[in-house]
Amino acid sequence: CYDETNAKQFATAAPKAGQGVCLGTKAADFLAKCLGTGSDQAACDAFIKDAANKTCVTCLLGPQTADDPKVIPQPVLLSVGDSVFLNVGACEALAVAAPGDCAQKAGNEALCLLTTCETCETADRTACINSSAAKDPCKSALAGAACDDAVKAGQAAADAKCGGTSGAKFEDIYAKMAAYMCGAP
């Protein structure tokens, strides 16, 4: 199911924390209307199209129609095919102030690995991702040892801000990431 022609990387600006665009209950409302158990397509579409939610939606999902992607930071969520993943690597690199462009690279790494394996059945995806990391185009997108080491050294801080603790639910990780990346500075 590996397909290198599906490989994507962000055309966006580097991820950023504390954007101050999802204040109050906006991030939770997005989750409830668009991704939660009782979500509904009409309610999700209405939330996304509401001009009052535009900057929050852009922080969560990335550039929307007519946005210049080069000025929009990498999003909290990675939409690949009909699945949604969390941009945990980018969040963690931000949370520990990893050196250089580690946060940008971590997001690109995740997006590349997920898109080269987007046609895989869920059971086959992990094996595909593991083998994709050793091949181009994703091999060149990997964040690298210095970035990985920085996150490992500050794992407690990364977990506190990005929710990546073992056994954490998607909703809990999302809430922490949305608050850290899109919430108040």
Side-chain angles (χ1 to χ4, degrees), residues 6 8-98 101-115 117-118 125 141 143 151 157-165 168-185:
N6 286 339
K8 292 179 182 69
Q9 290 190 29
F10 285 106
T12 62
K16 185 177 174 188
Q19 295 177 50
V21 295
C22 289
L23 303 175
T25 63
K26 284 189 180 192
D29 292 346
F30 173 83
L31 180 67
K33 293 176 191 303
C34 298
L35 300 174
T37 327
S39 63
D40 152 300
Q41 191 63 51
C44 181
D45 291 345
F47 183 88
I48 289 172
K49 290 176 184 172
D50 184 342
N53 300 326
K54 181 178 180 6
T55 55
C56 180
V57 168
T58 300
C59 186
L60 297 172
L61 296 177
Q64 303 299 296
T65 305
D67 286 342
D68 178 0
K70 293 181 286 257
V71 299
I72 306 291
Q74 278 185 18
V76 169
L77 298 168
L78 306 173
S79 181
V80 178
D82 59 357
S83 298
V84 176
F85 302 90
L86 292 156
N87 196 356
V88 175
C91 183
E92 289 182 336
L94 287 171
V96 302
D101 58 355
C102 285
Q104 177 90 8
K105 286 181 177 181
N108 279 329
E109 174 183 336
L111 186 59
C112 187
L113 295 173
L114 289 166
T115 55
C117 299
E118 83 179 82
R125 190 172 286 140
V151 171
D159 290 347
K161 293 177 180 173
C162 304
T165 57
K169 294 179 185 175
F170 176 92
E171 294 83 357
D172 298 330
I173 299 170
Y174 165 84
K176 283 191 175 186
M177 286 181 60
Y180 178 62
M181 293 175 74
C182 302

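The first residue in the sequence is number 1, and the count goes up from there.
- For the pair Thr58 and Val21, the minimum side-chain heavy-atom distance is 4.5 Å or more.
- Looking at every heavy atom in both residues, Cys112 comes nearest to Ala141 through CB-CB, 4.3 Å.
- Cysteine sulfur proximity is not satisfied for Cys182 and Cys56, their SG distance being 2.5 angstrom or more.
- For the atom pair CG of Asn108 and CD of Gln9, the computed distance is 4.5 Å after rounding to the nearest 0.5 Å.
- Within a 6.0 Å sphere centred on NZ of Lys16, other residues, nucleotides and ligands contribute 12 heavy atoms or fewer.
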side-chain contact (heavy atoms from CB on, under 4.5 Å), that's the test. Do Leu31 and Phe170 meet it? Break it down for me.
CA-CA 10 Å; Leu31 180 67; Phe170 176 92; 4.2 Å; yes
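- Side-chain contact between Pro75 and Leu60: absent, with no pair of heavy atoms (C-beta onward) separated by less than 4.5 Å.
- For Asn53 (side chain) and Ile48 (main-chain N/O), no donor-acceptor pair under 3.5 Å exists by modelled atom type.
- Residues Leu77 and Phe30 form a side-chain contact, since some pair of their non-hydrogen atoms from C-beta on lies under 4.5 Å apart.
- Going from atom CG of Asp29 over to atom SG of Cys44 covers 12.0 Å, rounded to the nearest 0.5 Å.
- The shortest non-hydrogen separation linking Ala90 to Ala106 is N-CB, 3.7 Å.
- One distance of note links CG of Leu86 with CE of Met177; it measures 5.0 Å at 0.5 Å rounding.
- Between Val76 and Asn87 there is no side-chain heavy-atom pair separated by less than 4.5 Å.
- Interatomic distance, OG1 of Thr12 versus CG of Leu111, reported as 9.0 Å (0.5 Å rounding).
- Scanning all heavy atoms of the two residues, the minimum distance from Cys34 to Ser39 falls at C-CB, 3.6 Å.
- Within the model, atoms CD of Glu109 and CG of Leu113 stand 5.5 Å from one another, a figure rounded to the nearest 0.5 Å.
- When side chains are defined from C-beta on, Asp172 does not count as touching Lys176, because their heavy atoms never get closer than 4.5 Å.
- Side-chain contact between Leu94 and Tyr180 is present, with heavy atoms from C-beta onward closer than 4.5 Å.
- Contact annotation: the side chain of Asp67 approaches that of Lys54 to within less than 4.5 Å [non-hydrogen atoms, C-beta and beyond].
- No salt bridge links Lys33 with Asp50; every basic N to acidic carboxylate O contact stays at or beyond 4.0 Å.
- Of all the heavy atoms in Arg125 and Phe85, the pair that sits closest is NH1-CZ, 3.6 Å.
- Interatomic distance, CD1 of Ile72 versus CG of Leu61, reported as 11.5 Å (0.5 Å rounding).
- With a 4.5 Å cut-off on side-chain heavy atoms, Lys161 and Val96 do not count as touching.
- Nearest heavy atom pair, residue Met181 against residue Gln74, reads CE-O, 4.1 Å.
- A salt bridge links Asp101 with Lys105: the distance from a Lys NZ or Arg NE/NH1/NH2 to an Asp or Glu carboxylate oxygen falls below 4.0 Å.
- Closest of all the heavy-atom pairs between Val151 and Glu92 is CG1-OE1, 3.6 Å.
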